[in-house]
Q: 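Got a structure here, written out as structure tokens. Questions coming.
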Amino acid sequence: MMNSWSLFILVLGFLCVSGFNPSDNYLIDCGSTKDTNVGNRVFVSDKSASKFLSTAQNILADTPSNSITKANDSPLYQTARIFTSTSSYKFPITKTGRHWIRLYFYPFEYKTYDLSSATFSVSTQQIVLLGNFSPKYVSFKEFSLNVTTSDLEIIFSPLADSIAYINALEIVSVPDSLITDDASTFDPPGVFNDMYAQALETVARVNMGGPAVSFENDTLWRSWVPDKSYLIQPDFAKSLSKIGSVKYTPGGATSDIAPPTVYGTCTKMNVDASGNDAIANFNVTWAFNVDRGFQYFIRLHLCDIVSTAANQLLFNVYVDSSNAASDFDLSSKVQGRLATAYYMDFVTPPANSNNLSISIGPSSKSAYPDAFLNGLELLKLNNTRGSLADMASVPPSTSSGSKNNIGVIIGVSVGVTLALLMVGVLFCMHRRRKQEQLRLSKMWIPLSIGGGTSHTMGSKYSNGTTMSAASNLSYRIPFAAMKEATKNFDESLVIGIGGFGKVFKGVLYDGTKVAVKRGNPSSQQGLREFQTEIEMLSQFRHRHLVSLIGYCDEKNEMILVYEYMENGTLKSHLYGSDMPSMSWKQRLEICIGAARGLHYLHTGYAQAVIHRDVKSANILLDENLMAKVADFGLSKAGPELDQTHVSTAVKGSFGYLDPEYFRRQQLTEKSDVYSFGVVLFEVLCARHVIDPSLPREMVNLAEWAMKWQKKGQLEQIIDRNLAGKIRPDSLRKFGETAEKCLADYGVDRPSMGDVLWNLEYALQFQEAVIQVDPEEKSTILIGELSPQVNDFSRIDANASAEQFEASNLEDLSGVSMSKVFSQLVKSEGR
């Protein structure tokens with residue numbers, strides 16, 4: 001084993017030999033009056049760099065060193081240059097080609113300037129780098145731009161009544177070989193050409209299985225972070241390190257592509273190194289936040305420090321739900337050599353969500369199931385508008401010179417002509433918009449549901465047929481009505497905050513109480529979830545599903561209006577609030593209500609609907625503590641009749657997520673069943689499903705509760721408020737139901753219909769209504785007494801036809817379940 005000193009000499013020697021010498025190397029400590037040493041680099045003072053500035057302003061700010069946090073104590077963040085109007089740095093370019101642009105930001109207060117309130121844009125002559133940017137904490141932004149002109153201008157443009165600032169700035173040449181002109185695509189398969197022309201923003205640069213790599217140990221002064229914070233399921237992953245064995249070959253990856261400290265470590269599947277885990281079938285997944293609408297460049301760094309021989313390990317690489325590299329054999333790419341550096345590049349389709357996942361998993365063609373990844377770089381590509389920000393225009397350049405002046409003259413001439421035309425167009429659009437707003441302010445326009453007849457909800461905004469706010473139709477509601485209902489979104493009316501945004505309590509004009517969920521533009525959830533919620537809830541009407549009253553999409557708002565649930569979430573009644581504890585009967589009735597709602601989703605239509613985010617926070621309670629399932633933003637249509645599953649990217653909440661769905665990215669109704677099983681234990685134990693503050697064996701509620709359930713000692717971990725108040729038969733049946741829901745494989749889990757019937761049994765045992773032979777009490781299992789959904793032959797003949805519709809079983813809440821169960825359990829009724 002190589003000791004640390006030998007390793008240090010090896011890496012240092014390698015860097016000295018292979019270090020890149022940039023043609024352009026501008027390093028500026030903005031706002032500083034003296035040069036600043038950072039590692040082995042020198043950032044010159046702002047005074048020395050003043051020749052590059054287009055502004056005569058001399059606002060140099062500094063902050064007391066004690067205001068810099070320990071985590072952000074770089075001297076580069078202690079000074080800043082402030083701009084009160086559009087200003088720029090202009091650098092001569094010695095050699096055209098790709099360059100790093102690195103920007104450092106740290107907001108602090110300086111005299112009358114509060115940098116934390118600054119909002120500005122940063123651009124070059126070619127591209128918008130940052131739009132409407134407002135750094136609240138330490139921010140480091142890195143861009144890669146192919147410079148084709150003799151100079152590069154970095155333009156800072158404050159928004160009206162704001163300022164711009166910069167703490168430090170780098171403009172550094174990059175080897176032309178770092179980004180080649182093409183990359184692979186996988187959706188559809190093919191080649192993405194013209195990478196040279198793309199501007200790139202670094203989203204993540206990750207060292208899998210290894211420590212952070214600082215810029216001093218990278219030939220291109222990059223920083224690499226560990227992958228632990230990106231891993232979705234750390235227990236599935238295992239780290240390996242063999243830095244001393246890394247080899248670079250001619251024509252392959254070089255240390256400029258990534259250093260040995262990246263290629264020499266990896267994250268792999270947590271399987272037996274001997275290959276004895278022959279049935280291992282799961283993925284290791286990393287998740288990243290991205291901006292929807294943009295394409296992304298993915299570079300995977302690979303070096304086989306796992307295998308003991310060539311060609312023995314093949315694996316799959318997934319990007320979201322797409323198989324980007326099927327049965328990938330690294331040996332075939334490096335002439336059978338082990339521990340040899342290699343990389344491959346992909347470009348994604350435009351992102352349709354704010355999450356991007358990258359997974360590795362076993363191939364059925366491999367000698368044994370394993371997969372690994374050494375490093376990863378994720379970069380955003382500019383859009384078709386020439387922007388890395390979601391902006392339509394580039395702020396004007398302050399460049400001078402005859403060519404630019406000619407361009408300005410031509411631009412102004414054309415611009416004036418276009419402006420005159422646009423004035424007329426905008427005037428007409430303004431009049432039409434005013435008329436439309438006036439029309440909308442007088443009515444609430446209904447969603448078209450199944451081609452049905454439109455109606456108008458009665459209110460002061462309506463002159464049509466009066467309808468109750470609890471009508472089964474959903475409506476588009478004017479923004480003005482939303483502001484009035486929530487007192488202009490008064491913060492004192494906030495009753496919840498979720499991934500989509502804040503939820504306000506509101507009151508409509510007719511006095512109806514509503515819950516108003518207002519989308520947050522910076523949320524990781526967005527338009528797709530908004531549309532899904534409307535589509536789903538406009539189809540479904542069930543007493544155990546929260547009703548959608550209306551929605552608003554004016555002024556780029558995304559607002560959903562629901563019936564108001566007086567008693568909030570199930571979660572808030574179990575823990576984390578001062579609400580009184582609920583009885584066991586109340587808890588069972590709530591679980592039964594939620595099960596009915598989910599059962600209806602799974603069976604109420606020809607094609608099942610899978611909720612995908614079943615959790616206690618999404619089960620709401622009305623004034624009578626009746627449960628209703630809420631939040632359908634992640635819901636998805638289930639498999640067709642001739643399918644077993646839906647292949648889709650993993651969505652859901654940690655602690656509730658079906659492990660089979662996570663491993664295989666194959667979604668079925670049984671994924672909801674698993675999540676509901678976690679809710680059942682949450683109801684019983686009244687604690688968080690994931691609690692890192694507890695001892696390791698107790699952190700995950702599902703795993704912890706299952707251990708006690710399998711030992712037959714579930715009573716040891718129940719909510720202390722329930723101690724001595726649950727009848728043993730009721731607890732046994734409840735525990736069996738939860739255990740079956742949490743089966744490792746979906747095929748072994750019950751349907752929601754089975755879960756519903758067994759929870760009814762648990763309630764009847766608690767109420768002591770069912771008479772069961774003593775010797776039979778311990779043998780009733782899930783599914784044993786569960787009839788088919790439409791099999792009513794065993795139901796009491798006294799139950800009316802109105803209580804049971806022959807077409808479906810969408811709602812059993814009106815039935816006397818004691819009658820049902822008295823017939824089911826009596827021996828003559830079986």
Q: Check the pair Arg518, Thr486 against side chain to side chain contact (heavy atoms under 4.5 Å, CB included), reporting the backbone distance first and the verdict last.
A: CA-CA 11 Å; Arg518 187 185 192 190; Thr486 60; over 6 Å; no
Q: Who pairs with Asn618 by side chain to side chain donor-acceptor pair (under 3.5 Å), at least two apart in sequence or on another chain?
A: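 Asn618: side chain to side chain donor-acceptor pair (under 3.5 Å) contacts with Asp613.
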Q: Return the set of residues passing ring-ring contact (aromatic ring centres under 6.0 Å, His included) with Tyr318 (not counting sequence neighbours), or none when no residue passes.
A: none
Q: Answer yes or no: is there an ion pair linking Arg596 with Glu760, defined by an N-O contact shorter than 4.0 Å?
A: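 Result for this pair is yes, salt bridge flagged.
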Q: Which pairs of donor and acceptor atoms, one on a side chain in residues 695-706, lie under 3.5 Å apart (sequence neighbours left out)?
A:
unit_1: Asn700; atom_1: OD1; unit_2: Ala702; atom_2: N; d: 3.0
unit_1: Asn700; atom_1: OD1; unit_2: Glu703; atom_2: N; d: 3.1

Q: Do the non-hydrogen side-chain atoms of His544 and Tyr600 ever get within less than 4.5 Å of each other?
A: no
Q: Just grab all the salt bridge (charged side-chain N to carboxylate O under 4.0 Å, His left out) pairs involving residues 711-725, residues at least two apart or on different chains.
A: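 Checked against salt bridge (charged side-chain N to carboxylate O under 4.0 Å, His left out) - neighbours excluded - the pairs reaching residues 711-725 are Arg587-Asp719.
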Q: Once ring-ring contact (aromatic ring centres under 6.0 Å, His included) is applied, do any residues pair with Phe504, and if so which ones, sequence neighbours excluded?
A: Phe489
Q: How about Trp708 and Phe681: are their ring centres within less than 6.0 Å of each other?
A: no
Q: Please list all pairs meeting salt bridge (charged side-chain N to carboxylate O under 4.0 Å, His left out) that have one or both residues in residues 485-494, counting only residues at least two apart or in different chains.
A: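 Every salt bridge (charged side-chain N to carboxylate O under 4.0 Å, His left out) pair that includes a residue of residues 485-494, provided the two are not neighbours, is Glu491-Lys502.
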Q: Please identify each residue that fulfils side chain to side chain donor-acceptor pair (under 3.5 Å) with Ser359, with sequence neighbours left out.
A: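 With neighbours one apart ignored, the set is Thr285.
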Q: Can you give me every donor-acceptor pair (side chain of residues 563-580, partner residue at least two apart or in another chain, under 3.5 Å) with its distance?
A:
unit_1: Glu563; atom_1: OE1; unit_2: Lys628; atom_2: NZ; d: 3.1
unit_1: Glu563; atom_1: OE2; unit_2: Ser547; atom_2: N; d: 2.8
unit_1: Glu563; atom_1: OE2; unit_2: Ser547; atom_2: OG; d: 3.3
unit_1: Glu563; atom_1: OE2; unit_2: Lys628; atom_2: NZ; d: 3.1
unit_1: Asn567; atom_1: ND2; unit_2: Asp622; atom_2: O; d: 2.8
unit_1: Thr569; atom_1: OG1; unit_2: Ser572; atom_2: N; d: 3.0
unit_1: Thr569; atom_1: OG1; unit_2: Ser572; atom_2: OG; d: 3.3
unit_1: Ser572; atom_1: OG; unit_2: Thr569; atom_2: O; d: 2.7
unit_1: His573; atom_1: NE2; unit_2: Asn567; atom_2: O; d: 2.6
unit_1: Tyr575; atom_1: OH; unit_2: Glu682; atom_2: OE2; d: 2.5
unit_1: Ser577; atom_1: OG; unit_2: Ser572; atom_2: O; d: 2.4
unit_1: Ser577; atom_1: OG; unit_2: Met579; atom_2: N; d: 3.4

Q: For Val614 and Val678, run side chain to side chain contact (heavy atoms under 4.5 Å, CB included): C-alpha distance rounded to whole Å, both residues' side-chain angles, the deciding distance at 0.1 Å, then the answer.
A: CA-CA 9 Å; Val614 175; Val678 180; over 6 Å; no
Q: Only counting residues at least two apart or in another chain, list the ones meeting side chain to side chain donor-acceptor pair (under 3.5 Å) with Lys670.
A: none
Q: State, to 0.1 Å, how close Ala608 and Glu669 come at their nearest heavy-atom pair, and which atoms those are.
A: CB-OE2, 3.3 Å
Q: Tell me, please, which residues at least two apart from Asp291 pass side chain to side chain donor-acceptor pair (under 3.5 Å).
A: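 If we apply the side chain to side chain donor-acceptor pair (under 3.5 Å) test to Asp291, skipping adjacent residues, the hits are Lys380.
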Q: The criterion is side chain to side chain contact (heavy atoms under 4.5 Å, CB included); which residues satisfy it with Ala237, sequence neighbours excluded?
A: Leu231, Thr267, Val284
Q: So which heavy atom on Cys741 is nearest to which on Val755, and how close?
A: SG-CG2, 3.7 Å
Q: If you apply the rule side chain to side chain contact (heavy atoms under 4.5 Å, CB included), what do you find for Ile477 with Met482, and how did you get there?
A: CA-CA 7 Å; Ile477 305 176; Met482 290 290 84; 3.8 Å; yes
Q: Measuring only between side-chain heavy atoms, which start at C-beta, is His611 closer than 4.5 Å to Leu598?
A: yes
Q: Residues in salt bridge (charged side-chain N to carboxylate O under 4.0 Å, His left out) with Asp744, at least two apart?
A: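 With neighbours one apart ignored, the set is empty.
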